[in-house]
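We name chains A, B, ... by the order of the sequence lines, and we start the count at 1 in each one.
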Amino acid sequence: MQLYQEQTLKLYNTLTNKKEVFKPINEGHVGMYVCGPTVYSNVHLGNCRTFMSFDMIFRYLKHVGYKVRFVRNITDAGHLENDADEGEDKIAKKARLEQIEPMEVVQRYTVDFHNTLQKFNLLPPSIEPTATGHIIEQIEIIKDILEKGYAYEINGSVYFDVVKFNETNEYGKLSGRKLEDMISNTRELTAQDEKRNPQDFALWKKAEPQHIMRWPSPWGDGFPGWHLECTAMSTKYLGEKFDIHGGGMDLKFPHHECEIAQAEASNGQSPVNYWMHANMLTLNGKKMAKSTGNNLLPNEIFSGENDILSKPFVASVVRFFMMQAHYASILDLSNDALLASEKGYYKLMDSLSTLENLETGPTSDFDVETWKNKCYSAMNDDFNTPILIAQLFDAVKHINLIKEGKETITDGDKAKLEEYINAFVFDVLGLENTSASDNNSDKLSGVVELLIELRNEARSNKDFATSDKIRDQLDAMGIQLKDGKEGTTYSLS
RNA sequence: GGCAUCGUGGCCGAGUGGCUAGGCACAGCUCUGCAAAAGCUUGUACAGCGGUUCGAAUCCGCUCGAUGCCUCCA
């Protein structure tokens, strides 16, 4: 009996704009595809939020017992710099600017991507395919779409015929657009466009002689269009129809719309049952984006080397901050918000340590079973992590009350509480305990214990000058002493 | 210009017809040698204007404001 059999998970499907009960195609198994990064520069924090949201979703699905195949690609080719004829691959451009090989760019930023996500404690996906590793698959899909009449070749490039497609299918159903509106709202036409219609998009693009990233194809040397890789890789690893497709809100149109069109044209069916879109992270009220320069790199947060924040923050605090907002809401990052989250995060972590050493009693004042159910309800309601965290703090309150001797808990309930709170905090939310009192070295803890002892001696001798000196200087070093009923503990900040 | 989304107490952020989310900050109290930590208590917020309703932050309309997409973007 798996947990998912007793939990009713609902998620917001951006295809239908409704919250729906999640039912996988194959009982007990979930296929999930998430659009990964284009590796032409360092991942910024906004990227991380999206990947973190889907990491949380991946974790929860696994937690409730699903076998999940989670595919997240690496885009290492194929993004046109602009829509004009001189369209250039983003990675190739970067390579030229930096005078290095394209694959060197890809390598460098892929490593950065992995390092960063690891700091944020993201689980690796089941499969992480690359676009350049699936050129053949992409070419096959283009052939198929051509055969079915939804694409045309011109001058060594192949374009998807959106108008033709729209005659039998519904282009724009994901983003709520109508082709007629799009046509009438087209802004100035790019001069001499070889496309039949501005809404058409490239499946294959002819490579100019100076273009370095190129592959042979039935239409000559070139490179694949922007949207094709995801169709190729999702189909290959998850099948023509799979459960969940995720990505950032900004990919909804045109990227995901085009994916649907490609898949429907090629396979004759809608590829995805549940589309999920994670919302943007803003910085100073503006979208964080590489292209505008309004961005913050994870390393700048960890090191404190930036003009926005007053101090460095550890990755887990940033993760906690993001988990305090619903994945589908816009979240605005600020120094104050991060400081507030940091406090809350350490409060939560401290109470987990407290819980371990909690004394038990004959009865429980805390209804752990009801609490647990509330936690699941929160997650089952479209992965509502803010509500889950509110429940966690409810438990924190009880843990502290029990510690103070104002409430009691039985052995059994304590064990159950430990099991579930740890599961939610670490397995589902993916937080890490950086609270120092738990994982610092034995030597340091020995030294601090000694100082606590000396301070207590001074205090009992009413030598407050000495005792305060120990306390204040430790505090200045980032070691905070906490006097409690059962003696003094400490934590690192 | 077109299409969307959103506007919640000092800050962040849930909630979508009646029943107090939560975190941080602030104040008072308990504890303490004094603090810190911890606990308790208090805050009656929902952009504005109308409408629907016995009842709206929650539904409808308008106004104002913000953001996103429409072009590579998580």
Side-chain angles (χ1 to χ4, degrees), chain A residues 17 34-38 40 43-54 75 79-84 87-90 93 172 175-178 181-182 184-187 190 226 246-255 277-282 285-292 320-321 324-326 328-345 347-348 350-351 354 374 378 381 384-394 396-397 399-401 403-407 459-460 462-464 467-468 471-472 475 480-485 488-491:
Chain A
N17 286 325
V34 171
C35 292
T38 305
Y40 66 101
V43 261
H44 70 239
L45 202 61
N47 291 296
C48 294
R49 184 188 180 203
T50 295
F51 299 131
M52 209 182 280
S53 295
F54 286 104
T75 297
H79 273 59
L80 292 173
E81 190 65 20
N82 57 48
D83 204 6
E88 184 177 16
D89 194 294
K90 244 181 192 175
K93 182 179 181 187
S175 53
R177 287 157 211 256
K178 287 199 164 29
D181 296 345
M182 289 166 61
S184 60
N185 288 326
T186 303
R187 293 188 290 191
T190 327
W226 344 333
M249 199 68 117
D250 48 353
L251 294 184
K252 202 169 177 185
F253 187 89
H255 184 59
H277 289 93
N279 220 137
M280 302 291 100
L281 179 71
T282 57
K286 297 275 182 200
K287 189 178 90 154
M288 209 181 268
K290 293 170 190 171
S291 53
T292 59
F320 180 72
F321 164 72
Q324 275 186 301
H326 187 80
S329 299
I330 294 174
L331 173 64
D332 191 45
L333 182 97
S334 68
N335 193 51
D336 286 350
L338 229 36
L339 283 171
S341 288
E342 185 178 48
K343 284 235 181 187
Y345 167 77
K347 182 176 175 179
L348 176 61
D350 283 351
S351 87
T354 305
K374 283 182 184 168
D381 186 14
N384 199 323
T385 53
I387 297 282
L388 171 64
I389 290 173
Q391 294 306 329
L392 296 180
F393 277 104
D394 188 44
V396 168
K397 184 173 171 174
I399 290 168
N400 285 324
L401 282 169
K403 178 189 163 201
E404 299 260 316
K406 291 175 181 165
E407 284 190 1
R459 289 173 74 198
S460 53
K462 305 242 186 257
D463 179 7
F464 297 124
S467 68
D468 287 357
R471 180 229 287 158
D472 296 341
D475 190 53
Q480 185 192 35
L481 299 186
K482 300 173 181 180
D483 295 331
K485 282 259 188 299
T488 304
T489 56
Y490 70 96
S491 67

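Within the 4.0 angstrom heavy-atom criterion, only backbone atoms of the sugar-phosphate kind lie near A:Ser329; the bases stay farther away. At a threshold of 4.0 angstrom between heavy atoms, the contacts of A:Gly46 include nucleobase atoms, whether or not backbone atoms are also involved. A:Arg471 comes within 4.0 angstrom of a nucleotide base, judged by non-hydrogen atoms across all strands. Residue contacts shown for A:Leu481 include a base, since a base heavy atom lies under 4.0 Å away. Across all strands, A:His277 comes closer than 4.0 Å to no nucleic acid atom at all (heavy-atom distances). Nucleic acid contact class of A:Ala278 (heavy atoms, under 4.0 Å, all strands): none. Residue A:Lys406 is in sugar-phosphate contact alone, with no base atom involved, counting any heavy-atom pair closer than 4.0 Å across all strands shown. Contacts of A:Asp332 with the nucleic acid, taken as non-hydrogen atoms under 4.0 Å apart, involve only primed sugar atoms and P, OP1 or OP2. Backbone-only contact: A:Asn400 has heavy atoms under 4.0 Å from sugar-phosphate atoms and none from a base.
A salt bridge does not link A:Lys397 to A:Asp394: none of the charged side-chain nitrogens sits closer than 4.0 Å to a carboxylate oxygen. For A:Arg471 and A:Asp483, the salt-bridge test fails: no basic side-chain N is under 4.0 Å from an acidic carboxylate O. Look at A:Lys482 and A:Asp350 and you find a salt bridge, because one of the NZ, NE, NH1 or NH2 atoms lies within 4.0 Å of a carboxylate O, short of that distance.
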Sort me out a list of protein N/O and nucleotides 19-28 of chain B N/O pairs below 3.5 Å, or just none if empty.
unit_1	atom_1	unit_2	atom_2	d
B:A25	OP1	A:Lys343	NZ	2.8

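The gap from the P atom of B:A14 to that of B:C6 amounts to 12 Å, rounded to the nearest Å. Taking atom C1' in both B:A56 and B:C19, the straight-line distance is 14 Å, to the nearest Å. Between B:G65 and B:G48, the distance separating the two P atoms is 15 Å to the nearest Å. Rounded to whole Å, the separation between the C1' atoms of B:G55 and B:C12 comes to 31 Å. Here, B:G7 and B:G61 have their P atoms 16 Å apart, quoted to the whole Å. Here the separation of B:G28 from B:G15, taken at their C1' atoms, is 29 Å to the nearest Å. For the C1' atoms, the distance from B:A47 to B:U5 is 16 Å, rounded to whole Å. Between B:C49 and B:C69, the two P atoms lie 32 Å apart (nearest whole Å).
Stem analysis of RNA chain B (Watson-Crick or G-U pairs, both distances under 3.5 Å, runs of at least three) returns B:1-7 with B:64-70, B:10-12 with B:22-24, B:27-30 with B:38-41, B:47-51 with B:59-63.
Nucleotide B:U32 holds its C1' atom 16 Å from the NZ atom of A:Lys482, rounded to whole Å.
Distances shown here put every side-chain N or O of A:Ser175 at or beyond 4.0 Å from the OP1 or OP2 atom of B:C70. Contact annotation: A:Asn384 side-chain N/O to B:G15 OP1/OP2 distance is under 4.0 Å. Applying the 4.0 Å criterion to OP1 and OP2 of B:C40, one finds that A:Lys397 has a side-chain N or O inside that range.
Nearest to the side chain of A:Arg459, among B:C73, B:C34, B:G13, sits B:C34. For A:Phe464, whose side chain is taken as the heavy atoms from C-beta onward, the closest listed nucleotide among B:A36, B:U41, B:G33 is B:G33.
Ring pair A:Phe320/A:Phe393 is perpendicular by interplanar angle, where above 60° counts as perpendicular and below 30° as parallel.
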